J.: 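Dropping a structure here in structure tokens format, bear with me for questions.
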Amino acid sequence: MPGLDSPAAVRRAAMDLLARREHGRVELARKLARRGASAELIETVLDRLANEGLLSEFRYLEAFVASRARAGYGPLRIREELAQRGLPRQAVEQALRESGLDWGELLVDTWRRRFAGRLPEDAREHARQGRFLGYRGFSPEMIGRLLRGGLSDDR
């Protein structure tokens, strides 16, 4: 694959990636670097795209949080994934707060889909369900309440 050696080529590659889905700045820079673009060209092009409103961390965060929540992931997992993608913690926290998601409702929905709404009957099953929901990114407090029967439809 030929390297990206001009601003126009880097912009074209960045636009191709952005046309598929929103990207964070760090993630987009990594992908462009892997395709052979120099750090200077990447920064120049990404600054211009951000100024033009074509690259937006806010839109990326909003889309990412919504997508992962739809897939049944909780705030702890989403926060960790965004941190790994190099997004600022403050922006991540704001996106999670402003998502409008009811994490308790999402927890119950994820649990129902996976365990057919059956509370654990013994310690082993309790641990299994707890591990699954913890891996999905829900807090131990929420999981404990749910598995003790404390999160119901009429919360």
Side-chain angles (χ1 to χ4, degrees), residues 1 4 10 13-37 39 42-43 45-47 49-50 52-155:
M1 175 190 288
L4 302 174
V10 174
M15 293 297 292
D16 286 347
L17 291 165
L18 288 169
R20 291 185 193 119
R21 69 168 176 83
E22 293 288 345
H23 283 72
R25 186 180 182 103
V26 172
E27 180 184 30
L28 191 55
R30 278 189 203 131
K31 287 183 176 184
L32 293 170
R34 275 198 303 264
R35 292 179 178 198
I42 291 170
E43 286 307 308
V45 167
L46 296 186
D47 286 344
L49 290 172
E52 294 170 5
L54 298 171
L55 174 63
S56 166
E57 295 274 285
F58 176 76
R59 276 196 320 264
Y60 173 68
L61 284 166
E62 196 175 56
F64 188 91
V65 169
S67 168
R68 297 306 279 161
R70 275 192 309 276
Y73 290 95
L76 302 178
R77 173 80 178 260
I78 294 169
R79 181 179 293 121
E80 179 60 31
E81 289 178 1
L82 287 168
Q84 289 173 357
R85 285 169 170 74
L87 287 134
R89 185 161 189 78
Q90 186 176 2
V92 170
E93 294 305 322
Q94 181 179 351
L96 288 169
R97 265 193 320 276
E98 294 177 2
S99 68
L101 293 165
D102 180 337
W103 297 108
E105 187 178 302
L106 183 63
L107 168 63
V108 170
D109 183 55
T110 301
W111 172 73
R112 280 196 179 122
R113 281 186 295 171
R114 179 68 172 92
F115 300 105
R118 278 187 284 224
L119 286 170
E121 294 180 11
D122 58 28
R124 185 172 174 207
E125 181 62 15
H126 188 279
R128 186 174 83 87
Q129 289 187 19
R131 271 192 314 274
F132 174 80
L133 296 169
Y135 172 77
R136 282 299 185 108
F138 296 98
S139 74
E141 297 79 24
M142 289 177 71
I143 295 167
R145 224 172 36 237
L146 170 69
L147 297 182
R148 285 190 306 272
L151 282 181
S152 65
D153 287 330
D154 41 65
R155 269 179 281 171

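Reckoned from all heavy atoms, side chains included, excluding hydrogens, waters and symmetry mates. Since we're looking at a predicted model, the values are computed, not measured.
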J.: Nearest 0.5 Å please: distance from the CG atom of L107 over to the CG atom of D102.
T.: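 Spacing of CG (L107) from CG (D102) equals 10.0 Å.
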J.: I'd like to check L4 versus I42 (side-chain heavy atoms, cut-off strictly below 4.5 Å). Are they in contact?
T.: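 The answer is no; the side chains never approach within 4.5 Å.
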J.: Given the rule in the side chain to side chain contact (heavy atoms under 4.5 Å, CB included) test, do F115 and F132 qualify, once you have shown the distances and angles that lead to the verdict?
T.: CA-CA 10 Å; F115 300 105; F132 174 80; 3.7 Å; yes
J.: To the nearest 0.5 Å, tell me how far Y135 OH sits from Y73 OH.
T.: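 So the OH of Y135 and the OH of Y73 are separated by 5.5 Å.
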J.: Assess whether side chain to side chain contact (heavy atoms under 4.5 Å, CB included) is satisfied between V45 and L32, documenting all intermediate values.
T.: CA-CA 10 Å; V45 167; L32 293 170; 5.5 Å; no
J.: Would you call E81-R77 a salt bridge at under 4.0 Å N-O?
T.: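 Looking at R77 together with E81, the answer is yes, because their closest N to O distance falls below 4.0 Å.
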J.: With a 4.5 Å limit on heavy-atom distance, are the side chains of L82 and L96 in contact?
T.: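 Heavy-atom side-chain distance check fails, nothing below 4.5 Å.
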J.: Work out which heavy atom in A95 is nearest to a heavy atom in L61; give both atom names and the distance.
T.: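 Heavy atoms of A95 and L61 come nearest at CB-CB, 3.7 Å.
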J.: How far apart are the closest heavy atoms of L106 and A69, and which atoms are they?
T.: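 So the minimum-distance heavy-atom pair works out to CD1-O, 3.2 Å.
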J.: For the pair Q129 (side chain) and R118 (backbone), establish whether a donor and an acceptor sit closer than 3.5 Å, ignoring hydrogens and angles.
T.: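 Yes, because the side chain of Q129 sits within donor-acceptor range (under 3.5 Å) of the backbone of R118.
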J.: Counting neighbours of CD on Q84 that are heavy atoms of other residues, nucleotides or ligands and sit closer than 6.0 Å, is the number greater than 12?
T.: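 Yes.
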J.: Taking the side chain as everything from C-beta on, heavy atoms only, tell me whether M15 gets closer than 4.5 Å to L49.
T.: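 A side-chain contact exists here, since the closest heavy-atom pair is under 4.5 Å.
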J.: Can you tell me if R68 uses its side chain to pair, donor with acceptor, with the backbone of F64 under 3.5 Å?
T.: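 Not confirmed, R68 side chain does not pair with F64 backbone.
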J.: Tell me, yes or no, whether the heavy-atom count around E121 atom CD, taken from other residues, nucleotides or ligands under 6.0 Å, exceeds 12.
T.: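 Check fails, neighbour count at 12 or below.
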J.: What's the spacing between L17 CG and K31 NZ if we round to 0.5 Å?
T.: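 With rounding to 0.5 Å, CG (L17) is 5.5 Å from NZ (K31).
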J.: Rounded to the nearest 0.5 Å, what separation is found between the CG atom of L119 and the NE2 atom of H126?
T.: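 Spacing of CG (L119) from NE2 (H126) equals 9.0 Å.
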J.: Please answer whether the main-chain N or O of R25 pairs with a side-chain N or O of E57 as donor and acceptor at a distance below 3.5 Å.
T.: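 Here the side-chain-to-backbone pair exists.
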J.: Does the side chain of Y60 come within less than 4.5 Å of L28's, by heavy atoms?
T.: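 Not touching, per the 4.5 Å side-chain cut-off.
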J.: Is there a side-chain contact between F138 and L146 (heavy atoms, below 4.5 Å)?
T.: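 Side chain of F138 against side chain of L146, heavy atoms only: no contact under 4.5 Å found.
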J.: Between R113 and D109, is there a salt bridge with N-O shorter than 4.0 Å?
T.: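 The answer is yes: the pair qualifies as a salt bridge.
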J.: Is L87 close to V26 at the side-chain level, that is, under 4.5 Å between some pair of heavy atoms?
T.: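 SC-SC contact between V26 and L87 ruled out.
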J.: Does R79 offer a backbone N or O that forms a donor-acceptor pair with the side chain of R89 under 3.5 Å?
T.: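 Checking the backbone N and O of R79 against the side chain of R89, no donor-acceptor pair under 3.5 Å is found.
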J.: Would you list the pairs meeting salt bridge (charged side-chain N to carboxylate O under 4.0 Å, His left out) in which at least one residue belongs to residues 124-139, sequence neighbours left out?
T.: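 Found E125-R128.
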